[in-house]
Amino acid sequence: MSNAPTPADSSEAAEPNTAAALEPTPAQPPADVAPAASEILIETDVTSDTVRVRRAPKYGRFMTLGAGLGAVVALVLTLAFTPEQSEFVPVGFDGGQVFGFLLLICASIGVALGALVALAFDRALARRTASVGVEHEVAHRVDEAP
């Protein structure tokens, strides 16, 4: 936090989104450089506004974690339920194919569940918002009049 006055304390706070032009001030050249014949005038515009700040989850990380957990579930299901070869009942799919099918299904479900968890966190964190006053300063050259 700084000790600068908040927008509510300043005179610009009564009219948000208005530009208050400060007096043009000449730019100060370094001490070792001789001053030029014509000095550059710089004007600063200050805009005050109030914004809301809140935390939000990173959806990509939640969905990636859900896909990873779905892959682990697919691996466990493949190892737990892969049928053994027998002479009487021919098996149409080998273990790799079963894992691939389960991986597609479980990873998709994991991504969807990860997105739903991220949405739930987003809704819970939306209650903790704070309003903050901000000032935006823009400095630009003042065009010389002929």
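Partners of F99 by ring-ring contact (aromatic ring centres under 6.0 Å, His included), not counting sequence neighbours: none found. Judged as a side chain to side chain donor-acceptor pair (under 3.5 Å), and not counting sequence neighbours, T64 has no contacts. Evaluation of the side chain to side chain contact (heavy atoms under 4.5 Å, CB included) rule for I105 yields I109 as partners, not counting sequence neighbours. Considering only residues two or more places apart in sequence or on other chains, F101 meets the ring-ring contact (aromatic ring centres under 6.0 Å, His included) condition with F93. Shown here are the side chain to side chain contact (heavy atoms under 4.5 Å, CB included) partners of L102, two or more places apart in sequence or in another chain: A74, L77, T78, V98.
Residue L104 shares its hydrophobic cluster (ILVMFWY side chains chained together at separations under 4.5 Å) with no other residue. The hydrophobic cluster containing F121 also includes F62, V117, under a criterion of side-chain heavy atoms closer than 4.5 Å among ILVMFWY residues, counted directly or through chains of members.
Sequence neighbours left out, the pairs with a member in residues 103-132 that pass salt bridge (charged side-chain N to carboxylate O under 4.0 Å, His left out) are R54-D122. Among residue pairs with one or both ends in residues 56-67, none qualify as salt bridge (charged side-chain N to carboxylate O under 4.0 Å, His left out); sequence neighbours excluded. Sorted by first and then second residue, the salt bridge (charged side-chain N to carboxylate O under 4.0 Å, His left out) pairs with a member in residues 97-115 form an empty list; sequence neighbours excluded. Within the structure, the side chain to side chain donor-acceptor pair (under 3.5 Å) test picks out no pair touching residues 101-111 (sequence neighbours left out).
In plain terms, the two heavy atoms of L125 and R55 that are nearest each other are CB-O, 3.7 Å. Contact record, S48 with E135: OG-CG, 3.7 Å, taken as the closest heavy-atom pair.
When the side chains of ILVMFWY residues are joined at heavy-atom separations under 4.5 Å, either directly or via intervening members, L79 and L103 end up in a single hydrophobic cluster.
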- Message: Please determine whether side chain to side chain donor-acceptor pair (under 3.5 Å) holds for the pair R52 and S131, giving the CA-CA distance in whole Å, both sets of side-chain angles, and the decisive distance to 0.1 Å.
- Response: CA-CA 4 Å; R52 296 179 64 185; S131 295; 5.0 Å; no
